[in-house]
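Notes to accompany the following structure.
Only heavy atoms go into these numbers, but all of them, side chains included; no hydrogens, no water, no symmetry mates. A note on names: the letters A, B, ... follow the listed sequences, proteins ahead of strands, and every chain is numbered from 1.
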Amino acid sequence: MNAMDLLKDLNPQQVKAVTTGTGPVLVLAGPGSGKTRVLTHRMAYLISVMGIRPYNILTVTFTNKAAREIDKRVRNLIPNDLQGILMGTFHSVCARILRYEAAHLPITANYVIYDDDDQLSVVKRSVRELNIDEKLYKPSSILNAISLLKNDMIRPEQMTIKSYKDGVVQKVFDRYQQVLISNNAVDFDDLLLYTARLLEEAPEVREKYARRFEHILVDEFQDTNIAQYTLLRHLAGENHNIYVVGDEDQSIYRWRGADYHNVERFEADFPGTTKILLEQNYRSTQTVLDAARAVIDRNRHRTPKALFTERGSGEKVHLYVARDDRQESEYICQKAAELINKLRFKAGEIAIMYRTNAQSRLLEEAFIKAAMKYKLVGAQRFYGRREVKDVIAYLRLVHNPSDEVSLARVINVPQRKIGDTTLQALMEYAHQLGVNAGTILLDLVQGPASAHWQYMSKGGVNRLADFGSRLQEWLELKGTLTITSLLQKMLEDVEYRQYIEDETEEGQDRWGNVEEVLRLAYEYEQQGMDAFLESLALVGDQDTIPDAPEAVTMLTLHAAKGLEFGAVFIYGVDEKVLPHSRSLDDPEELEEERRLFYVGITRAKDQLYLSRAEFRGGYGGMDTTDPSRFLEDIPRDLLKVEGQHRSYSSNGYGSYSRSNRQEKQEQYIWKSPPNTVPLKQPELRYKANTRVSHPSWGEGWVLESRIMDGDEVVDVSFDSIGLKRLLANLAGLTVIEKK
DNA sequence: AGGACGGTAGTTTTT
DNA sequence: CTACCGTCCT
């Protein structure tokens, strides 16, 4: 492909970004401005115009999805020209480097990667061994602290101890790391950390990679943490050809260690950086962009961007103020139905976003009631399922018998009468001798001849030895069988199927999940166990969720990043929800909440619906709310307020705490009775024994119809699917005949 | 080893 | 309010 063809569909800013010279480049790309487009065209430009060999290019992303997308799009531009390129997520690139450079590390090349659950179990064990009170210091909070320290590349001994808790974290951190190393395991953070340290401390390794990667490209740069930034700095140290793309305004992972100040650091560390702004937006209407800009402009430490579009101003932003959160969810459901039925929106073009997962519940209820299809993003994870983890743990154990976390997971699953006491005794004994439980287990296979036999409990030792010989056998088979056959053999040996597949539907599902793992294993026959386990650990299941274009998407604002929808609803734009109550006392966190709102707004192509409720279900009863402070920043003339409640006297967004106490009193009056002016009871549109027709379920008989909460609720027995409860206003039923 | 009870916490989650 | 975890009891 020649340069002309490559550039023909780009705007001037994009052309500049794609064709700029070598050296450090910082592309700040507003939402919808063609960030991925620029990155992929730049890669194609490097290879086909500048003649760079793919082997000398490194491209890193945060998600597998992004990596796949970029790969696909570059191949589209320059087919068959990517041989030798290294492209992948930070974690997978690091995993590869570490496998290759294991000789420099405290682990061997067949190390396993621990996920959150595994990490937590190591922390728990460490906490117990150190006699720390789990009530006072929750393992999950300690783990969180450890993770942040690792992201910042701080070793236990480098910590500043400001509180007793810091001291606890320090001790656990130290122990935790020892356990990981002795298990020949790394956690997600270690992948980055080990690589960053390796490049920092081993000049010959650093030079090798820094020379190879003549050009480095980074996606979503604003989300890098210190470890990632450090490793990039070292990798780019030789050639300085580092091309980073990002947007400070979309940095929403501070709590995971991401530090958008890396954008500022970048300019300082790489003098002569070419900085390019992409400000033309191809996604949203000008109204949406103006609202977004009004919200984000109040943040500091950012490069101001003037997003513009050629799409025209479009519709106003809808703001709906509901009485309570239930009504708010019903409103959204109803509006979504309207968009689909009246405005011919595809359900898949509609998304509902919220701050916390818990908020999805009322929405789901409303959708179920209205018989509307929806899909929930990020609810249940395939790899998080118990049976999947069990099966993987078996495989990991055979791959790396030092892995005590996996051993502990499977040694009594299915039950082998090896209880906690026996296992603890085994591990303690092993640690005293400075070896792993697996080592002892395998030695016990010799029976009473084993030097360790007498140190185990009488009852437990035989059962341990039994499991040991199983493990021994599998280890011997490992070299001869394929992954699939080995896995099948193991599952048969332990009668795993009988264990999980009971008569229930759930049992069937579970076995189905196991079969899915087997199927995945089959795909890795050629690449081997290392690659298979690595991909299980590092490849999320984002794309194992089937696409459902006929359903409305419900997702958190975080999960919405990088996506776009024709119509976007943002649910719960109230103080303490967005911004979240936990962020209120920290200005940095408030800025991040603001970015989160910004990300949500800028997902919308045509229609944006913001909603809030004057009463919201707290932990106990109902709480009164204040409108989100972010709403105040959106100019009134961009909004169309659609709420139907209370006075709009104060500022038009529903109650606002100008005179809070008085307001509250007033609201309580409002609450009881709930409808001071009783809503007119709508008349029943459907009666029992009426033949009706539904757009998707066909015909059925009305069994009963009544008014609930001011809505007509109809029970219909459909010929196709049986009994359904529907809202008359939304279901779109037509009467066929009356009996 | 599994069920019942009680206490406690209750954001976001690319890998 | 509920969902989850740990503990205790059978």
Side-chain angles (χ1 to χ4, degrees), chain A residues 60-69 88-95 113-120 124 128 134-136 138-141 143-144 147-148 150-151 186-193 195 219-225 227-228 250-258 353-362 377-379 381 383-384 412-421 534-543 555-563 572 576-584 586 589 592-593 595-597 599-600 616-623:
Chain A
V60 273
T61 63
F62 276 84
T63 65
N64 293 293
K65 199 174 149 200
R68 266 197 312 273
E69 177 72 16
T89 63
F90 271 100
H91 291 84
S92 73
V93 166
C94 288
I113 300 168
Y114 278 179
D115 69 12
D116 307 4
D117 279 349
D118 304 324
Q119 293 183 54
L120 199 60
K124 279 185 182 157
R128 271 169 213 157
E134 281 180 61
K135 296 261 161 51
L136 242 47
K138 278 186 312 173
S140 57
S141 128
L143 176 58
N144 198 261
S147 174
L148 289 175
K150 285 186 171 189
N151 290 160
V186 304
D187 62 23
F188 287 134
D189 301 321
D190 283 337
L191 290 169
L192 310 173
L193 184 61
T195 310
D219 189 27
E220 304 277 17
F221 180 72
Q222 78 284 350
D223 285 335
T224 50
N225 60 34
Q228 285 158 330
Q250 294 185 67
S251 163
I252 54 176
Y253 286 103
R254 193 179 99 94
W255 49 279
R256 299 202 59 180
M353 302 173 188
Y354 35 78
R355 177 63 238 266
T356 67
N357 281 309
Q359 287 173 269
S360 72
R361 235 171 75 171
L362 280 178
V377 174
R381 312 179 134 205
Y383 296 113
N412 203 30
V413 174
Q415 293 88 312
R416 297 185 187 91
K417 300 232 163 98
I418 302 176
D420 219 31
T421 332
E534 183 178 305
S535 91
L536 285 175
L538 297 183
V539 178
D541 41 12
Q542 291 278 325
D543 48 359
L555 73 180
T556 62
L557 288 162
H558 282 91
K561 193 170 131 194
L563 305 177
K576 297 187 180 170
V577 178
L578 181 64
H580 193 269
S581 54
R582 296 220 166 183
S583 318
L584 297 180
D586 181 344
E589 290 197 12
E592 179 142 317
E593 297 287 307
R595 292 192 291 269
L596 202 46
F597 189 39
V599 166
R616 193 166 286 287
Y619 296 134
M622 282 292 198
D623 291 327

So what does [X] touch, heavy atoms closer than 4.0 Å: a base, only the sugar-phosphate, or nothing?
X: A:Arg595; value: nothing
X: A:Gln415; value: sugar-phosphate
X: A:Lys124; value: sugar-phosphate

Taking the same atom, P, in B:dT11 and in C:dC4, what whole-Å distance lies between them?
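Straight-line distance between the two P atoms is 12 Å.
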For the C1' atoms, the ones on B:dT12 and on C:dC5, what distance do you get once it is rounded to whole angstrom?
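It works out to 22 Å between them.
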Is the backbone of A:Leu143 close enough, under 3.5 Å, to the side chain of A:Gln119 for a donor and an acceptor to pair up by distance?
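Not at all, since once roles are kept as given, no pair shorter than 3.5 Å links the two residues.
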Mark yes or no for whether A:Asn412, through its side chain, and A:Lys417, through its backbone, hold a donor-acceptor pair below 3.5 Å.
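Answer holds: yes.
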Any side-chain heavy-atom pair of A:Leu538 and A:Leu191 under 4.5 Å
yes
Quick one: are A:Phe90 and A:Thr224 in side-chain contact, heavy atoms under 4.5 Å?
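A:Phe90 vs A:Thr224: side chains touch.
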Give the C-alpha distance, both sets of side-chain angles, the deciding distance and a yes or no for side-chain contact (heavy atoms from CB on, under 4.5 Å) between A:Asp190 and A:Tyr114.
CA-CA 10 Å; A:Asp190 283 337; A:Tyr114 278 179; over 6 Å; no
A:Asp623/A:Lys576 salt bridge by N-O under 4.0 Å criterion
no
Check ion pair A:Arg355-A:Glu593 (N to O, under 4.0 angstrom):
yes
Distance, rounded to the nearest Å, where [X] contributes [atom1] and [N] contributes [atom2]:
X: A:Ile418; N: B:dA1; atom1: CD1; atom2: P; answer: 10 Å
X: A:Asn144; N: B:dT12; atom1: CG; atom2: P; answer: 13 Å
X: A:His91; N: B:dT13; atom1: NE2; atom2: C1'; answer: 12 Å
X: A:Tyr354; N: B:dT12; atom1: OH; atom2: P; answer: 10 Å
X: A:Asn151; N: B:dT13; atom1: CG; atom2: P; answer: 17 Å
X: A:Leu536; N: B:dT15; atom1: CG; atom2: C1'; answer: 14 Å
X: A:Asp116; N: B:dT13; atom1: CG; atom2: C1'; answer: 8 Å
X: A:Leu596; N: B:dT13; atom1: CG; atom2: C1'; answer: 12 Å

When you get a sec, tell me which of B:dT15, B:dT12, B:dA1 is the closest nucleotide to the side chain of A:Thr556?
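Closest nucleotide among those given: B:dT12.
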Given that A:Lys417 and A:Tyr253 both sit by DNA chain B, which one's nearest nucleotide is further toward the 5' end?
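Nearest nucleotide further toward 5': that of A:Lys417.
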Outermost DNA chain C nucleotides near chain A [under 4.0 Å, heavy atoms]:
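With heavy atoms of chain A under 4.0 Å away, the range is C:dC1 to C:dG6.
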Does the pair A:Thr63 and A:Lys561 meet the rule for a side-chain contact (heavy atoms from CB on, under 4.5 Å), with working shown?
CA-CA 12 Å; A:Thr63 65; A:Lys561 193 170 131 194; over 6 Å; no
Could you report the tightest heavy-atom contact between A:Ile252 and A:Asp223, atom names first, then the distance?
N-OD1, 4.0 Å
Mind checking what makes salt bridge (Lys or Arg N to Asp or Glu O under 4.0 Å) contact with A:Asp118, not counting sequence neighbours?
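Only A:Lys389, A:Arg396 meet the salt bridge (Lys or Arg N to Asp or Glu O under 4.0 Å) criterion with A:Asp118.
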How would nucleotides 3-11 of chain B be written as a contact map, 5' to 3', with B for base contact, S for sugar-phosphate-only contact and - for no contact, using protein heavy atoms under 4.0 Å?
-------BB
